[in-house]
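Report on the following structure.
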2 protein chains.
Amino acid sequence: MSRNKREELIRNALKIFYRNGFNATGMDLVAKESGVSKTSIYNHFRTKDELILAVLRLRDENFRDWLFRRMEELSAAPAGQLLALFDALEEWFAEDGYQGCMFVKASAEFQDADNAINRQSYAHKLLIEDHLTQLADAAGYATPRAIARQLLILKEGAIVLSAMSHDKAAAQQAKAMAQLLLRVD
Amino acid sequence: MSRNKREELIRNALKIFYRNGFNATGMDLVAKESGVSKTSIYNHFRTKDELILAVLRLRDENFRDWLFRRMEELSAAPAGQLLALFDALEEWFAEDGYQGCMFVKASAEFQDADNAINRQSYAHKLLIEDHLTQLADAAGYATPRAIARQLLILKEGAIVLSAMSHDKAAAQQAKAMAQLLLRVD
DNA sequence: CCTCACATTGACTGATCGGTACATATTTTT
DNA sequence: AAAAATATGTACCGATCAGTCAATGTGAGG
């Protein structure tokens with residue numbers, strides 16, 4: 001299996017894990033849906049956990065790329081981008097097959113604090129928080145770290161509720177609170 | 001098995017499911033940790049899903065009882081109770097073995113929109129939203145439903161982040177935003 | 001054309017999954 | 001106390017779990 005075949009396998013596993021969950025998805029299914037044998041998978045990943053970690057790495061990359069780019073497209077100013085976060089989220093919530101945040105779900109299924117999957121899931125959130133902190137700093141807020149953390153709370157709350165309610169409205173409801181927080185009514 | 005034995009079984013299953021996750025926990029483990037045979041469990045619950053639903057019913061009852069009572073203890077006024085929500089959450093986050101919201105995790109593991117476990121998990125959130133709506137109404141806010149929904153977003157965001165970061169700080173960070181929303185600085 | 005290295009496979013492992021059949025207590029009713 | 005009904009434990013079901021292995025296919029270098 002070539003390098004791009006390996007990437008394709010990870011992409012495929014991502015789709016299946018996102019749709020079915022991690023523990024609920026067997027490696028036999030991943031192999032079948034990817035059109036390869038289980039042995040081929042285990043030639044590239046020593047364990048199922050390693051495959052999951054590779055999937056989460058890809059997801060982290062894809063999601064942050066998409067989100068930050070979309071925020072930039074929606075606004076040139078840093079403060080505007082912080083608000084645009086919620087407009088981007090709304091677009092995501094409206095997508096077909098939207099099932100909430102993959103990292104929240106990974107963290108829910110692998111709860112041990114010292115588990116690699118659990119740690120990597122939280123690392124994704126920290127990377128997003130870092131980006132928000134930089135934007136809040138560039139926008140001139142006195143406590144950029146605190147602002148970023150609070151926006152992250154709004155983001156996670158909107159994601160969880162939109163996934164549970166199958167309703168994208170949480171994005172704009174969270175945005176309204178972000179406007180209060182950022183004092184840009 | 002008597003009625004209270006049945007309740008004890010549900011209580012026991014709740015602990016195990018909360019600690020281990022739903023799919024990751026086998027019925028053999030539930031039986032062993034409860035000190036009964038699998039047959040006894042299946043005499044009371046036709047399937048594992050039914051046991052999970054019973055567990056979620058108990059959890060919903062326990063959690064709402066505790067949360068609403070604690071909010072009342074912390075403040076007599078409706079608006080004060082809305083803010084006290086986050087002080088109560090902080091106490092919960094600091095508890096030993098805190099692992100986030102059981103309903104969010106259930107919803108993450110059973111994602112189908114028509115799944116009974118998924119629907120019951122969201123129903124729990126709606127019951128909390130209802131209570132917040134009543135409080136917001138009693139406090140005299142013009143749009144109690146919208147206020148309740150936004151507080152729910154703050155609550156869920158704080159729960160998810162505190163679980164992932166193993167840090168209770170999210171409660172007070174969410175409370176700060178609630179103060180902006182409720183205009184009670 | 002042949003060989004060697006490697007990718008890939010189907011068949012398999014022991015363990016565990018949710019769930020059950022049946023024989024054996026245990027309790028309730030008469 | 002006898003009989004009926006209920007609760008329980010043991011031992012098992014086929015399916016699936018993560019993971020492995022010997023055998024086969026394949027492509028490059030000589």
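Note on naming: letters A, B, ... go to the chains in the order of the sequence lines (proteins, then strands), and numbering restarts at 1 for each one. Heavy atoms only: backbone and side chains are in, while hydrogens, waters and symmetry mates are out.
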Taking every non-hydrogen atom, the tightest pair across A:L152 and A:L132: N-CD1, 4.3 Å
Side chain of B:S37 - closest among D:dT10, D:dC21, C:dT8: D:dT10
Between A:E90 and A:Q172: side-chain donor-acceptor atoms closer than 3.5 Å: yes
Contacts of B:E61 that satisfy salt bridge (charged side-chain N to carboxylate O under 4.0 Å, His left out) - sequence neighbours left out: none
Distance, rounded to the nearest Å, where B:Y42 contributes OH and D:dC13 contributes C1': 13 Å
Sorted by number, the residues of residues 17-29 of chain A with heavy-atom contact under 4.0 Å to DNA chain D: A:T25, A:G26, A:M27, A:D28
Atom-pair distance (CG on A:N43; P on C:dG10), nearest Å: 15 Å
Residues that A:E129 engages under side chain to side chain donor-acceptor pair (under 3.5 Å), provided they are two or more places apart: A:R149
Side chain of B:T39 - closest among C:dT9, C:dC22, C:dG18: C:dC22
Any donor-acceptor N/O pair under 3.5 Å between D:dG9 base and B:K38 side chain: no
Per A:T47 side chain, nearest of listed nucleotides C:dT8, C:dG19, D:dG19: D:dG19
Minimum-distance nucleotide to B:H44 side chain [options: D:dA18, C:dT20, D:dT8]: D:dT8
Atom-pair distance (CD on B:E109; P on C:dC17), nearest Å: 14 Å
Rounded distance in Å - NZ (B:K32) to P (C:dC17): 10 Å
A:K48 NZ to D:dG19 C1', straight-line distance once rounded to whole Å: 12 Å
Whether A:H131 and A:F68 hold their rings parallel, tilted or perpendicular, with breakpoints at 30° and 60°: parallel
Nearest-Å distance for atom pair CG/C1', residues A:L9 and C:dA7: 14 Å
B:H166 ring center near B:Y98 ring center (under 6.0 Å): no
Length of the CD1-C1' vector between A:I41 and C:dA7, whole Å: 14 Å
Sidechain N-carboxylate O distance under 4.0 Å for A:E72, A:R69: no
Interatomic distance where CD belongs to B:E50 and C1' belongs to C:dG18 [whole Å]: 14 Å
